[in-house]
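A, B, ... follow the sequence lines: proteins, then strands. Residue 1 opens every chain. The model shown is predicted, which means the values in this text are computed figures rather than measured ones.
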2 protein chains.
Amino acid sequence: MNQITIKDLALKLGLSTSTISRALNDHPDINIQTKKLVNDLATKLEYEPNFMARNLQSKNSHQIGIIVPEIKHDFFSKAISGIEEVAYKNGFTVVVSQSNEDVEREKLNANSLYLNRIAGIIVSLSQTTKNVDHFKTLLSKGVKIVMFDRVAEGIDTYKVVVDDYQASYDAVKYLIGKGFKSIIHLAGPQTLLNCKNRYLGYKAAIEDSNIEFKEELVFYGGMHEDDGKMDIENLINNKIHFDAIFAVNDPVAIGASVVLKKNGLRVPEDVAIIGFSNNPITEYVSPSITTIDQPAYEMGKMSASILIALIRGEEMPTTSKNTKLEAKLILRESA
Amino acid sequence: MNQITIKDLALKLGLSTSTISRALNDHPDINIQTKKLVNDLATKLEYEPNFMARNLQSKNSHQIGIIVPEIKHDFFSKAISGIEEVAYKNGFTVVVSQSNEDVEREKLNANSLYLNRIAGIIVSLSQTTKNVDHFKTLLSKGVKIVMFDRVAEGIDTYKVVVDDYQASYDAVKYLIGKGFKSIIHLAGPQTLLNCKNRYLGYKAAIEDSNIEFKEELVFYGGMHEDDGKMDIENLINNKIHFDAIFAVNDPVAIGASVVLKKNGLRVPEDVAIIGFSNNPITEYVSPSITTIDQPAYEMGKMSASILIALIRGEEMPTTSKNTKLEAKLILRESA
DNA sequence: GTGAAAGCGCTAACAT
DNA sequence: ATGTTAGCGCTTTCAC
């Protein structure tokens, strides 16, 4: 573990550490021959710069912190891959942490990243995050933050989302066009802006048609499979009539589908279903689930590009603080 | 971004930085009143220690690096959660990176972790990793390494696996007991020890029964869905007879299942299938896939415990360098 | 073109 | 119980 340092190189070459440092960093002042000398010895001795020392000196770490609810969700793991892609290309490494849908864990993660003097944070909020004061604090301390997908209102930072409103609007319009009349919405936490927009898109689509909007047909819950199951079980037990479901995301849609089948209801003949995110599993379940594709990988890349520009104080890749990427309806068997 | 440092505290309190440092770290020598004084001011001023400086000084980072093929696989994301769990409890943070099944990327990731003076590395090898010289190099530089699931032979480090041999043996014995006679094996890269053991378990189960073992019934390929598809397509095109499949993992099993269905073959009546890993998707596909459950979360926790003990030079939680956890057959519709 | 010296924030041996 | 000093490995002014 005995690391070669620039001091070692300096000693062997009879030069000063500053010359070594400059040579290694290709500083214009240094004689080209000296540079060669230094670099040759460095490779020969397998010199590896100590990033910790360099970071301490330069006061920033070239590490990007990511906080997502759960990496096991296909959407998030794809987004992370996108972030990694851009990060590596720009000489940044990536630290991933999960909030497990728990605000408290989210706070801990955020703070721990900060203590490690992370260069910036890319975050997608947990379900239980009601307010984002912990991120506002970091922001005020100068930490660069980009939010994606699960973003919050009322925090002044860059955000990368999909046009949740429009995509939801289109999906529900599609259901209406197919003749469905009692379309319920299994909604997510309205503190999350994307969930709110999905709800608003649903509402607008209904109101723009000749159907009466009923708030009683909106059921607010979580974003897991169990939430979808519970909602539909309740509806069936209470004999509430509906012929289509617009779910806030795919797990909820799948949970709903499972319960419907168990109760002898046919999908889509008796009840149609549309989910959100295009999780690969939606293609495998039977019936396969109609859903909305979010460009997860692209969202990750975009978030990273923005964050890195922010860190470097460079020109931003986007004009607006709110980047909206396109999402599109993927037709399958369930609707 | 102007950080409060111990120097600031020292100045305000008229004490030396060393006293502040010791007070903050609860050093026994320090007067209890002084400690209170220091800690109170620290909280008041929102002092946050600079980990980079601390790490530079102590020459280690309290960061654990993870390298997995792809985080989107349920097995790996669960394992990562397990690692995180233990890491956080012990004051370590976690840096995740993906090799994308590419050795070259794996090498880059490993080296980048090393340059960042990571405290240790937990790795599950990529499919394309034929030799592990890059890890041997790190090992010789004193980096602590733990391998899990996709481990290699011929490298002297701690490993956490499932009893792949026994689990495979049991699965194939189960198929034989059900009366299947032409059981093929869709095998993974034999450079990965777990793949090799799954193959050996398959072979032993066959040989221990009254069935002739035929190497022609073993098909070596990758670990993705497409590999399973390709193999089965070829078999069908070449009219090779088989009545059961033991696949090296779930994606391969699912790929096989899809092609069988497409060709009008019934699962399990015409061909039975058993996968490996208990990916949640195996429960959702139709027919659901019989598979072997690996305790992913536990494996992650165990790997992290071992690595941290290794880093701290503490007593090891395991007696052997090879930890084997139990895997068990989960019966579903496909076999 | 190169060197000397200071400092990033923190810790720890060695005083006192 | 507290202070002084040095140093972790690197970069960067300021000299020459």
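One atom, CG of A:L15, and another, C1' of D:dT11, lie 17 Å apart when rounded to the nearest Å. Regarding B:I4, its CD1 atom lies at a distance of 16 Å from the C1' atom of C:dC8, rounded to whole Å. Protein atom OH of A:Y114 is 12 Å distant from nucleotide atom P of C:dG9, rounded to whole Å. Atoms CD1 (B:I20) and P (C:dA12) sit 16 Å apart, rounded to a whole Å. Residue A:R22 contributes atom CZ, which lies 11 Å from atom P of C:dA4 at whole-angstrom precision. The CG atom of A:L9 sits 15 Å away from the C1' atom of D:dT11 (whole-angstrom rounding). Protein atom CE of A:M52 is 14 Å distant from nucleotide atom P of D:dT11, rounded to whole Å. In this structure, the NE2 atom of A:H27 is 14 Å from the P atom of C:dG3, given to the nearest Å.
A salt bridge links A:K78 with A:D74: at least one charged nitrogen is closer than 4.0 Å to a carboxylate oxygen.
Counted within 6.0 Å of NZ on A:K12, heavy atoms from surrounding residues, nucleotides or ligands total 12 or fewer; the atom is thus considered open. Other residues, nucleotides and ligands place no more than 12 heavy atoms under 6.0 Å from the NZ atom of A:K324. Within a 6.0 Å sphere centred on CD of A:E46, heavy atoms belonging to other residues, nucleotides or ligands number 12 at most. Other residues, nucleotides and ligands contribute only 12 or fewer heavy atoms inside 6.0 Å of the CD atom of B:Q33. Counting heavy atoms of neighbouring residues, nucleotides and ligands inside a 6.0 Å radius, atom NZ of B:K7 does not exceed 12 of them.
In terms of polar N and O atoms assigned as donor or acceptor, the side chain of A:Q57 never comes within less than 3.5 Å of the base of D:dG9 in a complementary pairing. Side-chain atoms of A:S18 come within donor-acceptor range of the base of C:dA4, with a qualifying N/O pair under 3.5 Å.
Taking every side-chain heavy atom of B:T17 into account, C:dT11 is the closest of C:dT11, C:dT2, D:dG3. Here C:dC10 is the nucleotide among C:dC10, C:dC8, C:dT2 with the atom lying nearest to any side-chain atom of B:P49. Looking at the side chain of B:R54, the nearest of the listed nucleotides C:dC10, C:dC8, D:dT12 is C:dC10. In this structure, the nucleotide among C:dC10, C:dA4, D:dC10 sitting nearest to the side chain of B:N50 is C:dC10.
Axis angle, first five pairs versus last five pairs of the helix from C:dG1-D:dC16 to C:dT16-D:dA1: 40°, rounded to 10°.
A:Y47 comes within 4.0 angstrom of sugar-phosphate atoms only, judged by non-hydrogen atoms across all strands, and of no base. Contacts of A:T5 with the nucleic acid, taken as non-hydrogen atoms under 4.0 Å apart, involve only primed sugar atoms and P, OP1 or OP2. A:N55 comes within contact range of no nucleotide atom at all, as no heavy-atom separation falls under 4.0 Å.
An OP1 or OP2 oxygen of C:dT11 is reached within less than 4.0 angstrom by a side-chain nitrogen or oxygen of B:N25. Listed pair B:S16 / D:dT4 fails the phosphate criterion, with no side-chain N or O lying under 4.0 Å from OP1 or OP2. Between B:S21 and the phosphate of C:dA12, there is no side-chain N or O to OP1/OP2 separation shorter than 4.0 Å. Taking 4.0 angstrom as the limit, A:K59 places a side-chain polar atom (N or O) nearer than this to OP1 or OP2 of C:dG9.
Where B:D29 and B:S58 each meet DNA chain D at their nearest nucleotide, the meeting point lying more 5' is that of B:D29. Comparing A:K7 and A:T19 by the nucleotide of DNA chain D that holds the closest heavy atom to each, the one mapping nearer the 5' end is A:K7.
The cationic group of A:R150 does not satisfy the cation-pi geometry with A:F76, failing either the under 6.0 Å distance to the six-membered ring centre or the 45° limit from the ring axis.
Looking at A:S140 and A:T137, their side chains never bring a donor and an acceptor atom within 3.5 Å of each other.
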